[in-house]
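Values below: all heavy atoms of this structure, side chains included; hydrogens, waters and symmetry mates excluded. Letters A, B, ... are given to chains in the order of the sequence lines, protein chains preceding strands, and every chain is numbered from 1.
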Protein chains: 2
Amino acid sequence: MARAIAARADLLPALAETFREHGYEGASLSRISQATGLGKGSLYHFFPGGKAEMVEAVLAEIEAWFATHVFEPLREAGDPEAAIEAMFETVTDYFRSGRRVCLVGALSLSDARDRFAEDLRRYFALWVEALAGALSRAGHPEGTATARAEDIVGSIQGAVVLARALDRPETYDRIMLSLRARGRLSPSP
Amino acid sequence: MARAIAARADLLPALAETFREHGYEGASLSRISQATGLGKGSLYHFFPGGKAEMVEAVLAEIEAWFATHVFEPLREAGDPEAAIEAMFETVTDYFRSGRRVCLVGALSLSDARDRFAEDLRRYFALWVEALAGALSRAGHPEGTATARAEDIVGSIQGAVVLARALDRPETYDRIMLSLRARGRLSPSP
DNA sequence: TCAAGACTGGACCGATCGGTACAGAACATG
DNA sequence: CATGTTCTGTACCGATCGGTCCAGTCTTGA
């Protein structure tokens, strides 16, 4: 009984990688079956809603992961500046310097956006909100903290796009350094 | 005879929009057929290589459009600062404040990236190069002009992602304003 | 005017798509 | 060990996929 829940959760990493690599349309059931080592019967046992339910489960796990490792540290840290630095470290690691696609960003650009609109929106909204709070507590002017947070989150997404297109992970790392340096130099807009 | 060339070019806008809206996998031949009003026979007459050749033709036109309207103005402008301002206007218009996806960026995040790698790489490389040149002539320190250009091009791509995910075109416009303001305030890193 | 070639739509192809049905294996619980 | 449930692979479904083929219709230059 408890096995079912664990097994379902165990599938999510393989599912996530498959959707990251092939997108929603490109991740066919046969590819998913191969990636997870499970037949269709098992997949539909855990996800009766098919691919749509798989994506939703993956998005939920991604959001939970970011909540634990990114959003909450930003919100609760005693030292907000250190938390922001830690955020850069964490996401650079997570996105493997742009070698790994951000599934939420990729889906946002695809035609699957409308189907999962609320999940995609919430992920970025939570990120911007948490970061804006940390910036604010780090001394950033109240009025522009949200704007600055959007700049940063957007830049991270753009860095993934650019590094992948140029096939240069260093570009991702460099953009991260530039964002961090800017935060250190000028807490004012 | 001349008709053929014209007709092929006339298809590109509809093709481009179809790939933008549905991605490479999602843009099925039946959808393409519907969007262009042409049967499969005609499509394969103009693009014997099928979907792959269609995408390549679209990418070539996009690159040509950007070369004319963005890259060359950046390179040749007498007033580089004005050219950079004009670039922001042009791309904001082109991407419809993030309502319209950047096909090159979207393909870069998809599994079609490898297939069109060189086209995707060149588009961004040319953009960064042209912008870095303009920044440099506008007084930006030589050593960091390329880095700053990558920041900007990446931020534009990220703004599209973020605005679409949040479903807030204003976010795209705001990020553009922030990028432009930053250029005006500090020509130094 | 008329042949040559550009162009067209749609029937058709095998492959694969997402999804269903189901019989049996593995399993936890009594 | 018996029983009921969970889990599994596979055969199968209709639909659609990308792509081919071709008979026929336009268009153009001689």
- Looking at every strand, decide which applies to B:A27 at a 4.0 Å heavy-atom threshold: base, sugar-phosphate, or nothing.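 Sugar-phosphate only.
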- Message: Within the 4.0 Å heavy-atom criterion, would you say B:G49 contacts the bases, only the backbone, or no part of the nucleic acid?
- Response: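 Nothing: the residue B:G49, judged by heavy atoms under 4.0 Å, touches no strand.
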- Before accepting this row, confirm whether a basic side-chain N of the pair B:R8/B:E61 lies closer than 4.0 Å to the acidic partner's carboxylate O.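 A salt bridge is absent here (no side-chain N lies under 4.0 Å from a carboxylate O).
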Given atom [atom1] of [X] and atom [atom2] of [N], what is their separation to the nearest angstrom?
X: A:H45; N: C:dG18; atom1: NE2; atom2: C1'; value: 19 Å
X: B:D10; N: C:dA6; atom1: CG; atom2: P; value: 18 Å
X: A:L29; N: D:dC17; atom1: CG; atom2: P; value: 16 Å
X: A:L38; N: C:dG18; atom1: CG; atom2: P; value: 16 Å
X: B:F47; N: D:dG19; atom1: CZ; atom2: P; value: 13 Å
X: A:K40; N: C:dC17; atom1: NZ; atom2: P; value: 8 Å
X: A:E53; N: C:dG18; atom1: CD; atom2: P; value: 16 Å
X: B:E25; N: C:dG18; atom1: CD; atom2: C1'; value: 14 Å

- Item | Expected output: side-chain A:K51 to main-chain A:Y24 donor-acceptor under 3.5 Å |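 Flag set: sc A:K51 to bb A:Y24 pair under 3.5 Å.
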- Any sub-3.5 Å donor-acceptor pair from A:R148's side-chain atoms to A:L131's backbone N or O?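 No, because the side chain of A:R148 does not come within donor-acceptor range (under 3.5 Å) of the backbone of A:L131.
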- Query: Which of these nucleotides, C:dG19, D:dT8, C:dT8, is closest to any side-chain atom of B:F46?
  - Reply: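 Of C:dG19, D:dT8, C:dT8, C:dT8 is nearest to the side chain of B:F46.
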- Query: Out of D:dT8, D:dC17, C:dG9, which has the shortest distance to the side chain of B:S30?
  - Reply: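 So the nucleotide nearest the side chain must be D:dC17.
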- Message: Need to verify one output field. Residue with the more 5' nearest nucleotide on DNA chain C, A:S28 or A:G41?
- Response: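 The 5'-side residue here is A:S28.
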- Task: Between A:R31 and B:G39, name the one whose nearest nucleotide on DNA chain C is closer to the 5' end.
- Result: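 The residue mapped nearer the 5' terminus is B:G39.
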- Below 4.0 angstrom from OP1 or OP2 of D:dC7, is there any side-chain N or O of A:S42?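 It does not, given that no N or O in the side chain of A:S42 lies less than 4.0 Å from OP1 or OP2 of D:dC7.
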- Quick check: are there more than 12 heavy atoms from other residues, nucleotides or ligands sitting under 6.0 Å from CD of B:Q34?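 No.
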- Say whether B:L12 and B:Y94 are linked into one hydrophobic cluster, either directly or through other cluster members, by side-chain heavy-atom distances under 4.5 angstrom.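 Yes; B:Y94 is reachable from B:L12 via cluster members.
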